[in-house]
Amino acid sequence: MGVAIRTAGAGDRELIVRLLDEAFQDDPVSGWVFPGVEERRAKHPGLMAAFTDIVLAAGRIDVTEDGSACALWLSMPADGERDDPAGHDGATEDEGPAQVREAVDPDNERIEMIGRLTAAIHPTGRAHEYLWMIGVAPGRQGEGLGTALIEAVLDRCDREALPAYLEASSARSRKLYERLGFEPVGPVLDLPDGPAMWPMWREPKPHRQPA
């Protein structure tokens, strides 16, 4: 049986925020942004809410019908001239990460740093789909939900001859993405005194029309 997937709307905001918060509490990058456990529990939901609002406004969020997994996508133009993904309400590339930091935790410079560092390594020159985040409820991981969410978009990428891009935040997720056809692109992003992030790119596969 396939996984039922739908596009999230504004009414799903709290569901998406809660899902991302639970899924990324133990993620290496989230642990770097909020090193203290209590601090992470208190402030991490606000960062996930900021990301959710950005993608609801400028991209698309796919969610499984049972609310156990979601994927945040942005369509990036060839020229790279779009509002910075980490900004709000038409923020420029310079303003975006700072605005997220101000909204979530003004004293935490790593919130702004992660936005600037990932923006600096993001490929330009070709239109592509950007998988910003994908989250699966901790109790549902390993069931293929994340794969189903990604493959639904990759199928469209293949039909439309579009590449896809993401940054893997753990060795475990990197292996999943490799199985889906993503390959490392450019140097690994080593966060200062923190974990690595792997930029990964997938070329579209030739699309075969049904017989």
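Values reported hereafter were calculated over all heavy atoms of this structure, with side chains retained and with hydrogens, waters and symmetry mates removed.
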Visitor: Does the D12 side chain pair with the main chain of G9, one donor and one acceptor, at a distance under 3.5 Å?
Guide: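 Answer holds: yes.
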Visitor: Can you check whether Y165 reaches R126 side chain to side chain, under 4.5 Å on heavy atoms?
Guide: no
Visitor: Nearest heavy-atom pair of A127 and P163: which atoms, and what distance?
Guide: O-CD, 3.3 Å
Visitor: Are any non-hydrogen side-chain atoms of N108 and E39 less than 4.5 angstrom apart?
Guide: yes
Visitor: Do F24 and V29 come within less than 4.5 Å of each other through their side chains, counting heavy atoms only?
Guide: no
Visitor: Would you compute the distance between atom CD1 of I61 and atom CH2 of W132 and round it to the nearest 0.5 angstrom?
Guide: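 With rounding to 0.5 Å, CD1 (I61) is 9.5 Å from CH2 (W132).
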Visitor: What verdict does the side-chain contact (heavy atoms from CB on, under 4.5 Å) test give for E183 and E203, after you've listed the backbone C-alpha separation in whole Å, the side-chain angles of each residue and the deciding distance to 0.1 Å?
Guide: CA-CA 9 Å; E183 298 179 352; E203 287 291 336; over 6 Å; no
Visitor: When hydrophobic residues are tied together by side-chain contacts of less than 4.5 Å, even through go-betweens, does L162 share a cluster with I150?
Guide: no
Visitor: Please determine which of H44, R40, Q25 meets the side-chain hydrogen bond (donor to acceptor under 3.5 Å, both in side chains) test together with S30.
Guide: H44
Visitor: Would you indicate whether the side-chain heavy atoms of D62 and T7 approach each other to under 4.5 Å?
Guide: yes
Visitor: Could you tell me whether R110 and D105 make a salt bridge, using a distance below 4.0 angstrom between a side-chain N and a carboxylate O?
Guide: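 No salt bridge links R110 with D105.
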Visitor: Which pair of heavy atoms, one from W32 and one from P195, lies closest together, and at what distance?
Guide: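 For W32 and P195, the tightest heavy-atom pair comes out as CB-CD, 3.7 Å.
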Visitor: With side-chain contact (heavy atoms from CB on, under 4.5 Å) as the test, would you mind laying out the steps for R156 and R159 before giving the verdict?
Guide: CA-CA 5 Å; R156 178 172 63 81; R159 291 194 303 270; 3.5 Å; yes
Visitor: May I ask you to test the S75-E129 pair for a side-chain heavy-atom distance under 4.5 Å?
Guide: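 Heavy-atom side-chain distance check passes, below 4.5 Å.
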Visitor: What's the spacing between Y177 OH and M200 CE if we round to 0.5 Å?
Guide: 9.0 Å
Visitor: Can you find a heavy atom in the side chain of R179 that is under 4.5 Å from one in the side chain of T147?
Guide: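 Result no, sub-4.5 Å side-chain heavy-atom pair not found.
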Visitor: In Å and rounded to the nearest 0.5 Å, what is the CE to CG distance from M48 to L19?
Guide: 11.0 Å
Visitor: For side-chain contact (heavy atoms from CB on, under 4.5 Å), just list the numbers for I134 and L166, CA-CA rounded to whole Å, side-chain angles, deciding distance to a tenth of an Å, and then say yes or no.
Guide: CA-CA 10 Å; I134 183 165; L166 56 82; over 6 Å; no
Visitor: How long is the gap from CZ on F34 to CD1 on I111, to the nearest 0.5 Å?
Guide: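 Reported value, rounded in 0.5 Å steps: 4.0 Å.
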Visitor: May I ask you to test the L56-I16 pair for a side-chain heavy-atom distance under 4.5 Å?
Guide: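 L56 does not reach I16 side chain to side chain.
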Visitor: What is the minimum heavy-atom distance between G115 and P97, and which atoms define it?
Guide: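 Nearest pair, atom of G115 first, then P97: C-CG, 4.0 Å.
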Visitor: Can a salt bridge be assigned to the pair R41 and E38 using a cut-off of 4.0 Å between side-chain N and carboxylate O?
Guide: yes
Visitor: Of all heavy-atom pairs between A69 and V136, which one has the smallest distance, and what is that distance?
Guide: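 Looking at all heavy atoms of both residues, the shortest contact is CB-CG2, 3.9 Å.
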Visitor: Using a strict threshold of under 4.0 Å (side-chain N to carboxylate O), is an ion pair present between R6 and E65?
Guide: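 Judged by the 4.0 Å cut-off on N to carboxylate O distance, E65 and R6 do form a salt bridge.
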Visitor: If the threshold is 4.0 Å, N to carboxylate O, is there a salt bridge linking R140 and E22?
Guide: no
Visitor: Do R202 and H128 touch side chain to side chain, with heavy atoms closer than 4.5 Å?
Guide: no
Visitor: State which residue, out of L131, L176, L154, fulfils the side-chain contact (heavy atoms from CB on, under 4.5 Å) condition with F182.
Guide: L154
Visitor: Please check if the number of heavy atoms outside D26 that lie under 6.0 Å from its CG is greater than 12.
Guide: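 No, CG of D26 has 12 or fewer neighbouring heavy atoms, counting only those of other groups under 6.0 Å.
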Visitor: Tell me the closest heavy-atom pair linking L117 and P192, and the distance in Å.
Guide: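 Closest pair (atom of L117, atom of P192, distance): CD1-CD, 4.0 Å.
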Visitor: Which heavy-atom pair separates P204 from A161 by the least distance, and what is that distance?
Guide: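 Smallest interatomic distance, heavy atoms only, reads CG-C, 3.6 Å.
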Visitor: Measuring from I121:CD1 to T124:OG1, what's the distance to the nearest 0.5 Å?
Guide: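 Answer rounded to 0.5 Å: 12.5 Å.
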Visitor: Find the distance between CH2 (W198) and CZ (R174) and round it off to the nearest 0.5 Å.
Guide: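 Result: 5.0 Å between the selected atoms.
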